[in-house]
K.L.:
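Right, I'll just put the structure down here and ask away after.
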Amino acid sequence: MNETLNAGLEKLGLDFSSSQKEQLEQYASCIIEFNKSYNLMKAETEDALFAGHILDSLAAAEHIKSLIETIQAEKNVSRLEIGDIGSGGGCPGIPLAAAFPEQQFTLVERMEKRCAFLSSTVEKLHLSNVTVACAQADAIKENSFDIEVFRAFHPFDKKNTRLLLRMLKKGGFLAAYKARSEKIEAEMQAVSFLIPSYKKIQLHVPFLEDHERNLVVIRKC
């Protein structure tokens, strides 16, 4: 078992089963293999891949869990629809799907090569709670998701914010992985007429403590 993964999960307080850890290790192997012919994710070593992508995705897991529980309590439902918008190589969607096997995830990605990788990886990892939507985000039906997550999607601007809100159900949450606070404030100021309020939560990514990471949480009224 990879030591970086084990130590990172412990630092994050995530009690993963051996099968969940195996899924993440197999996911890393799939990325490394695909990277040989197609530059999917920037990571020079397996440890860098775990820290910079997989553990980075899982750094928000406890906050995502809180959003899930809020909607479950309000709507009296157990299984939610969670969309990873602009999934790319599958982060944060695949690590979160491994963390929350009882929730349904859709990986939304427009590029066919990436979609082929995602579909193959989901099958290899036996992630029965994940589907891949190979489509532009604007082709996704309105009110599709209870929660939307994204890590490498476009910045918040008028067009993308409206698109993200259109796909989200009323009362749902957007959870965006972002970096520096100053950039977040500038982005959100530009769309304040669409999003009057938001919450910024500082994330602590194991082995990347010198990198500023934040989760921006928005609720659709």
Side-chain angles (χ1 to χ4, degrees), residues 20 22-43 49-50 52-54 56-58 60-61 64 67-68 71 79-170 172-178 215-216 218 220:
Q20 286 173 303
E22 285 169 10
Q23 282 179 322
L24 295 178
E25 288 207 316
Q26 192 170 8
Y27 175 44
S29 297
C30 289
I31 294 169
I32 290 168
E33 184 62 31
F34 200 74
N35 268 354
K36 292 177 182 178
S37 57
Y38 186 81
N39 189 22
L40 186 67
M41 287 188 188
K42 186 178 179 181
L49 176 61
F50 276 116
H53 296 283
I54 295 173
D56 180 74
S57 297
L58 292 172
I64 301 295
L67 301 183
I68 291 170
I71 295 175
R79 194 172 182 86
L80 304 185
E81 294 287 342
I82 301 174
D84 177 13
I85 313 302
S87 188
C91 284
I94 287 178
L96 291 175
F100 302 107
E102 68 282 2
Q103 305 305 323
Q104 182 63 41
F105 286 77
T106 300
L107 310 180
V108 180
E109 173 55 46
R110 65 182 179 85
M111 296 183 67
E112 289 186 9
K113 282 188 177 179
R114 291 177 180 174
C115 290
F117 167 79
L118 292 172
S119 296
S120 172
T121 300
V122 165
E123 186 175 350
K124 286 178 183 176
L125 272 56
H126 303 293
L127 287 170
S128 59
N129 63 326
V130 179
T131 59
V132 178
C134 193
Q136 295 271 7
D138 58 10
I140 302 299
K141 291 181 180 179
E142 291 185 30
N143 306 313
S144 289
F145 304 118
D146 297 288
I147 296 172
E148 290 173 5
V149 295
F150 56 93
R151 183 169 171 265
F153 195 59
H154 303 289
F156 282 110
D157 61 21
K158 183 168 66 174
K159 179 182 177 181
N160 291 319
T161 300
R162 282 178 170 153
L163 173 59
L164 290 162
L165 290 172
R166 183 186 67 80
M167 292 184 287
L168 193 64
K169 296 177 184 178
K170 186 176 181 180
F173 290 99
L174 287 171
Y177 291 66
K178 295 284 185 178
L215 188 72
V216 174
I218 298 156
K220 182 178 178 178

K.L.:
Rounded at 0.5 Å granularity, tell me how far NZ in Lys170 sits from CG in Asn143.
P.N.:
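So the NZ of Lys170 and the CG of Asn143 are separated by 10.5 Å.
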K.L.:
Which pair of heavy atoms, one from Pro101 and one from Arg79, lies closest together, and at what distance?
P.N.:
O-NH1, 4.1 Å
K.L.:
Holding to ring-ring contact (aromatic ring centres under 6.0 Å, His included), I want the full list of residues that pass it with Phe100, two or more places apart in sequence or in another chain.
P.N.:
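In terms of ring-ring contact (aromatic ring centres under 6.0 Å, His included), with neighbours along the sequence ignored, Phe100 is linked to no residue.
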K.L.:
Exactly one of Ile68, Leu80, Ile71 should register a side chain to side chain contact (heavy atoms under 4.5 Å, CB included) with Phe173. Which one does?
P.N.:
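Per the side chain to side chain contact (heavy atoms under 4.5 Å, CB included) rule, the option paired with Phe173 is Ile71, out of Ile68, Leu80, Ile71.
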K.L.:
Any side-chain heavy atom of Leu107 within less than 4.5 Å of one from Val122?
P.N.:
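Sidechains of Val122 and Leu107: in contact.
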K.L.:
Mind listing the closest non-hydrogen atom pair of Arg151 and Pro92 along with its distance?
P.N.:
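Where Arg151 meets Pro92 most closely, the heavy atoms are CB-CD, 3.6 Å.
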K.L.:
Tell me the closest heavy-atom pair linking Cys30 and Leu125, and the distance in Å.
P.N.:
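For Cys30 and Leu125, the tightest heavy-atom pair comes out as SG-CD1, 4.4 Å.
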K.L.:
Just by modelled atom types, is the His53 backbone N or O under 3.5 Å from a matching donor or acceptor in the Ser57 side chain?
P.N.:
yes
K.L.:
Does the side-chain contact (heavy atoms from CB on, under 4.5 Å) test come out yes or no for Leu49 and Met41, once each step is laid out?
P.N.:
CA-CA 8 Å; Leu49 176 61; Met41 287 188 188; 4.0 Å; yes
K.L.:
Per the ring pair (Phe, Tyr, Trp, His ring centres under 6.0 Å) rule, which among Phe145, Phe156, Tyr177 passes with Phe150?
P.N.:
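One option only clears the test, and that one is Phe156.
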K.L.:
First locate atom NZ of Lys124, then atom CD of Gln23, and finally report the distance between them rounded to the nearest 0.5 Å.
P.N.:
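With rounding to 0.5 Å, NZ (Lys124) is 14.5 Å from CD (Gln23).
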K.L.:
Find the distance between CZ (Phe105) and CD1 (Ile94) and round it off to the nearest 0.5 Å.
P.N.:
11.0 Å
K.L.:
To the nearest 0.5 Å, how far apart are CD1 in Ile85 and OG1 in Thr106?
P.N.:
8.5 Å
K.L.:
Would you find a donor on one side and an acceptor on the other, under 3.5 Å apart, between the side chain of Gln20 and the backbone of Ala98?
P.N.:
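Yes: the side chain of Gln20 pairs with the backbone of Ala98.
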K.L.:
Is it true that atom CD of Glu102 has more than 12 heavy atoms of other residues, nucleotides or ligands lying nearer than 6.0 Å?
P.N.:
yes
K.L.:
Looking only at non-hydrogen atoms, find the nearest pair between Tyr27 and Cys91 and report the distance.
P.N.:
OH-SG, 3.4 Å
K.L.:
Check the pair Phe50, Glu25 against side-chain contact (heavy atoms from CB on, under 4.5 Å), reporting the backbone distance first and the verdict last.
P.N.:
CA-CA 9 Å; Phe50 276 116; Glu25 288 207 316; 4.2 Å; yes
K.L.:
What's the spacing between Ser37 OG and Lys113 NZ if we round to 0.5 Å?
P.N.:
7.5 Å
K.L.:
State, to 0.1 Å, how close Ala175 and Ile64 come at their nearest heavy-atom pair, and which atoms those are.
P.N.:
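Shortest heavy-atom separation between Ala175 and Ile64 comes out as CB-CD1, 3.8 Å.
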K.L.:
Checking side-chain contact (heavy atoms from CB on, under 4.5 Å) for the pair Leu174/Leu165: CA distance, chi angles, key distance, verdict?
P.N.:
CA-CA 8 Å; Leu174 287 171; Leu165 290 172; 4.1 Å; yes
K.L.:
How far does CD1 of Ile218 sit from CD of Glu148, to the nearest 0.5 angstrom?
P.N.:
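That separation rounds to 10.0 Å.
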K.L.:
Might you point out which heavy atoms bring Ser144 and Ile140 nearest each other, and give the distance in Å?
P.N.:
OG-CG2, 3.5 Å
K.L.:
Please list all pairs passing the salt bridge (Lys or Arg N to Asp or Glu O under 4.0 Å) test where one or both residues lie in residues 127-146, with sequence neighbours left out.
P.N.:
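Output for this query lists Lys75-Asp146, Asp146-Lys169.
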